[in-house]
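Contents: one structure, followed by commentary.
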Amino acid sequence: MFKKRRIEKKKNRKKAQRSSSVKEGTTYQQEVEVNVNDCNIIQQIPSSLTLSNTDKYLVFDLETTSLSRNSDITQLAAASGLNVFQRYIMPRCDISNEASKITGISFCHATNKMYLNGREVETCTIQQGLLDFLDFFKLNELPILVGHNITNFDMMVLENRLKEFSMFSAFIASVKGFIDTLKLSKRVFPKADVDNYKQQTLVKKVLGIEYAAHNAKDDVLSLSELFSQKLQSRCVEDDLHHVNFNSCKLSLKPLVDKKNY
DNA sequence: AAGACGCTGGCGGGATATCG
DNA sequence: CGATATCCCGCCAGCGTCTT
């Protein structure tokens with residue numbers, strides 16, 4: 001019964017194809033060969049990393065001017081053990097309304113002053129903030145970065161800003177890899193227990209703690225607790241990604257596009 | 001709002017089954 | 001053998017969910 005219908009549809013499709021095939025031109029020509037120039041651009045995929053019980057974890061979080069991966073960073077925070085790092089950073093572009101509403105951060109370009117919920121805060125330049133951030137890594141030898149949904153947001157924003165100041169290679173050299181607590185949480189916590197996997201929700205449902213979400217420092221401190229108490233022991237090698245992860249993916253994009261074409 | 005990823009349902013189509 | 005039905009798997013558009 002199903003087949004009959006499908007065969008009918010197929011006939012119709014073929015008819016449509018024939019009438020449009022004239023316009024299609026080279027669509028189905030084979031061009032799957034990879035030329036040598038493309039290969040040179042592609043970064044070598046690093047060998048997989050292994051977890052060790054001597055690893056040090058460094059939780060971090062960014063607040064940014066928008067959701068764009070090319071956003072400027074407005075606040076940068078990190079925690080490693082008892083050490084806490086925190087900087088407010090002067091953005092060079094406007095802070096989107098949504099971002100300002102969520103983070104409580106605003107910036108006056110005329111006076112170069114930044115405000116958190118109306119109160120002025122001390123700032124630094126993006127370059128200085130990044131330098132200090134890299135310095136903070138050195139408190140531990142090759143820490144593993146930890147953050148929520150960092151694979152698809154924070155790592156990309158951070159990578160873009162580090163590259164802008166030619167600090168990406170120094171960054172790669174000073175961390176072992178990174179772990180995304182979003183992916184980890186989806187495996188560890190049953191959906192029925194937590195409703196959703198927003199960081200704020202997880203901290204509330206799992207630790208029973210309400211906190212000032214969307215302030216990088218508070219986000220980092222609460223995620224630190226969640227990670228060390230509930231997640232760290234559940235990490236497997238698959239969760240640990242090389243910091244080149246996104247870079248590699250990006251370098252493969254031309255190939256993928258070619259395939260799709 | 002921008003963008004990436006995971007999940008899902010529907011579809012295409014090859015392989016197999018059934019019937020005359 | 002030919003025609004139809006069923007099964008199964010890969011693919012993909014569309015939607016939901018995270019980040020600020």
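A note on names: the letters A, B, ... follow the listed sequences, proteins ahead of strands, and every chain is numbered from 1. From a predicted model like this one, the values you see are computed outputs, not experimental measurements.
A donor-acceptor pair is defined here as one N or O able to donate and one able to accept, closer than 3.5 Å; no such pair exists between the side chain of A:Thr123 and the backbone of A:Ile89. Checked by atom type and distance alone, the side chain of A:Asp72 never pairs as donor or acceptor with a backbone atom of A:Thr65 at under 3.5 Å. Between the side chain of A:Glu63 and the backbone N or O of A:Ile73, no donor-acceptor pair lies under 3.5 Å. Without hydrogens or angle criteria, A:Asp180 side chain to A:Ile150 main chain gives a donor-acceptor distance under 3.5 Å. The backbone N or O of A:Ile105 lies less than 3.5 Å from a partner atom in the side chain of A:Ser100, making a donor-acceptor pair.
Among the protein residues, A:Asn149 comes within range of the nucleic acid bases, having at least one heavy atom under 4.0 Å from a base atom. At the heavy-atom level, A:Asn97 lies nowhere under 4.0 Å from the strands shown.
A sub-4.0 Å separation between OP1 or OP2 of C:dC18 and a side-chain N or O of A:His148 is absent.
Annotation: the terminal axes of the helix from B:dA1-C:dT20 to B:dG20-C:dC1 meet at 20°, where each axis is the rotation carrying the C1' atoms of four end pairs onto the next four (5 pairs per end, rounded to 10°).
Separating the CZ atom of A:Phe107 from the C1' atom of C:dT20 is a distance of 18 Å, rounded to the nearest angstrom. The interatomic distance linking A:His241 (NE2) with B:dC5 (C1') rounds to 12 Å, in whole Å. Between the NZ atom of A:Lys101 and the C1' atom of B:dA1 there is a distance of 13 Å, given to the nearest Å.
Side-chain contact of A:Glu164 with A:Asn160: a donor-acceptor pair under 3.5 Å is absent, judged by distance alone. With no hydrogens or angles considered, no side-chain donor-acceptor pair links A:Asn140 and A:Tyr57 at under 3.5 Å.
Just one of A:Thr181, A:Asp154, A:Val59, A:Val220 meets the side chain to side chain contact (heavy atoms under 4.5 Å, CB included) condition when paired with A:His148; it is A:Thr181.
In the set C:dT20, B:dA4, C:dC18, the nucleotide with an atom closest to the side chain of A:Thr103 is C:dT20. In the set B:dC5, C:dT20, C:dC18, the nucleotide with an atom closest to the side chain of A:Asn196 is C:dC18. For A:Lys186, taking side-chain heavy atoms from C-beta onward, the closest of the listed nucleotides B:dA4, C:dT19, C:dC18 is C:dC18.
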- Are A:Tyr115 and A:Phe107 close enough, and set up right, to give a ring-ring contact (aromatic ring centres under 6.0 Å, His included), and what steps lead you there? CA-CA 6 Å; A:Tyr115 303 89; A:Phe107 185 74; 8.6 Å; no

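Near DNA chain C, defined here as any heavy-atom distance below 4.0 Å, the residues from residues 59-78 of chain A are A:Asp61, A:Leu62, A:Glu63, A:Thr64, A:Ser66, A:Leu67, listed numerically.
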